[in-house]
Protein chains: 2
Amino acid sequence: MNAVNESPRRKELTRLAAQLFVQEGFDRTTVRMLAQEMGIKSGSLFHHFRDKQEILAAVIEEGTQNALSLARQALENCGDSARERLHAMARAHLETLLTDRNAHVVALYEWRRLDAAARDHLSHLRDAYETLWEQVIDEALEAGLVHGDRFLVSRFVMGALNWTVRWYDPEGARKPEDLAHELVAMIAPATQRTAAESTKV
Amino acid sequence: MNAVNESPRRKELTRLAAQLFVQEGFDRTTVRMLAQEMGIKSGSLFHHFRDKQEILAAVIEEGTQNALSLARQALENCGDSARERLHAMARAHLETLLTDRNAHVVALYEWRRLDAAARDHLSHLRDAYETLWEQVIDEALEAGLVHGDRFLVSRFVMGALNWTVRWYDPEGARKPEDLAHELVAMIAPATQRTAAESTKV
DNA sequence: GGTTTACACTAGCGCTTGCTTGGTTGATCT
DNA sequence: AGATCAACCAAGCAAGCGCTAGTGTAAACC
């Protein structure tokens with residue numbers, strides 16, 4: 001029973017679990033269903049994970065880690081202007097929501113099923129991610145790009161972005177890039193100043 | 001076993017069920033927990049509802065009906081300008097999210113637990129509500145109050161509003177009215193005059 | 001060559017689940 | 001006074017749940 005390791009087998013199992021958790025919900029997904037999806041018997045599952053809770057925690061941790069590193073990377077590789085940084089964050093957020101969709105849906109919908117210990121550990125990760133966002137929002141406010149209350153603006157933006165998992169169609173014409181652009185345009189109209197940016201759309 | 005009636009007792013039970021579903025989630029709420037909360041034995045529960053699914057459907061229907069009638073009422077009692085109508089809708093949405101919070105949280109989080117029949121029936125109700133929203137968004141776009149893609153703007157706005165159930169504190173200083181005002185200000189800044197909009201599109 | 005390790009299996013324990021059954025109560029109607 | 005009816009209860013069934021115990025096996029390591 002190896003609890004904390006990160007074997008490639010365990011990672012693959014985590015991926016499959018995420019898929020099932022999205023399809024059925026955590027509570028309705030039985031260890032027998034998980035095992036079958038993984039091609040093993042239900043007993044064998046507990047060699048890889050201490051209990052069912054740990055599978056949930058593994059799924060959410062995986063998704064959050066990816067989101068965090070993708071966001072950091074996006075901020076490093078973009079320009080310095082508040083608009084560019086805001087756009088980069090929105091785009092990174094939507095891209096991880098797309099590529100790691102299952103994990104993120106689980107994180108959004110099944111967070112409350114985590115036990116106290118796992119929730120405590122994972123909320124630190126999530127806080128780190130949200131701090132990144134608040135910094136970028138602050139910059140946008142200072143630059144006069146967006147107006148309003150710091151707390152409310154960041155909540156509204158996170159809501160608009162996270163809500164996409166409910167309606168976004170990966171097969172459709174719209175790319176994460178497009179959504180990010182449209183969102184930034186909606187809350188920070190390009191009509192004022194910065195003549196260099198009036199080319200898009 | 002009266003299935004479709006609307007006795008006051010049933011309404012009260014529905015309210016209690018909504019509270020439990022929010023606290024524990026639908027799957028983890030057992031019929032025994034529901035019965036205890038209602039002050040009856042688990043067997044008696046099935047006199048009021050055909051099965052557990054029907055309780056869930058009743059909770060969601062109640063919430064959606066209230067949201068719909070509140071929104072219609074708000075649109076009747078507000079001014080004609082696109083801004084006023086947008087603000088009225090946002091405010092009505094947030095107010096029903098506050099007063100019927102439990103029912104709406106259940107609708108948002110447990111929708112997928114509905115069986116096909118209930119989901120079909122309730123999605124018509126929800127569509128009626130979303131149609132109201134899209135009309136108001138359309139008016140805002142035509143009036144030049146907001147810019148962007150019709151579909152995306154309405155999805156972003158709905159996301160920002162619905163996300164509030166995750167962080168809004170009814171005991172806090174902010175009223176639904178304030179949130180609505182701030183949201184409208186964010187996506188439709190008041191700085192520009194209505195006449196000065198001739199340059200766009 | 002012997003021991004360890006990783007991974008899988010079978011079998012089932014103890015418990016909870018949604019729901020059913022058969023029956024009782026007290027108020028209301030005829 | 002008898003019938004009706006909504007509302008409730010005690011008891012329990014069949015199925016399914018998470019998880020454990022004990023064992024087998026093939027590759028890796030000393």
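What you are looking at is a predicted structure, and each value in this text was computed from that prediction instead of being measured.
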Spacing of Glu54(A) atom CD relative to dC19(D) atom P, expressed in whole Å: 11 Å
Whole-Å distance, Ile40(A) CD1 to dT10(C) P, equals 12 Å
Map Gln53(B) and Ser44(A) onto DNA chain C by nearest heavy atom, then report which one ends up closer to the 5' terminus. Ser44(A)
Expressed in angstrom and rounded to an integer, what is the separation of Leu45(A) atom CG from dT10(C) atom C1'? 16 Å
Comparing Gly43(A) with Met33(A), nearest DNA chain D nucleotide closer to 5' gives the residue Met33(A)
Measure CD/Gln36(B) against C1'/dC8(D) and give the value in whole Å, please. 16 Å
Check for me whether Arg126(B) meets the cation-pi criterion with Trp111(B), that is, NZ or CZ under 6.0 Å from the six-membered ring centre and within 45 degrees of the ring axis. yes
Are Ile187(A) and Phe156(A) close enough that some pair of their side-chain heavy atoms sits under 4.5 Å apart? no
When you measure from the side-chain N and O atoms of His48(A) to the phosphate of dA8(C), is any distance below 4.0 Å, counting only OP1 and OP2? yes
Proximal nucleotide (of dC8(D), dT17(C), dA6(C)) relative to the His47(A) side chain: dA6(C)
Main-chain N/O of Glu177(A) paired with Glu95(A) side-chain donor or acceptor, under 3.5 Å: no
Hey, does Lys41(A) reach any base, or is it just sugar-phosphate, or nothing, if we go heavy atoms under 4.0 Å? base
Under 3.5 Å donor-acceptor, Asp138(A) side chain and Leu141(A) backbone: no
Could you check how far CZ of Phe46(A) sits from P of dC19(D), rounded to whole Å? 5 Å
Between Arg28(A) and dC17(D), is there a side-chain N or O to OP1/OP2 distance below 4.0 Å? no
Polar side-chain contact Arg32(B)-dG18(C) base: donor and acceptor under 3.5 Å: yes
Rounded to the nearest angstrom, tell me the gap between atom CZ in Arg10(B) and atom P in dC8(D). 14 Å
Between Asn162(A) and His104(A), is any side-chain donor less than 3.5 angstrom from a side-chain acceptor? no
Starting from C1' on dC7(C), measure out to CZ on Phe49(A) and report it in whole angstrom. 14 Å
Using atom CG of Asp27(B) as one end and atom P of dG18(C) as the other, report the distance to the nearest whole Å. 9 Å
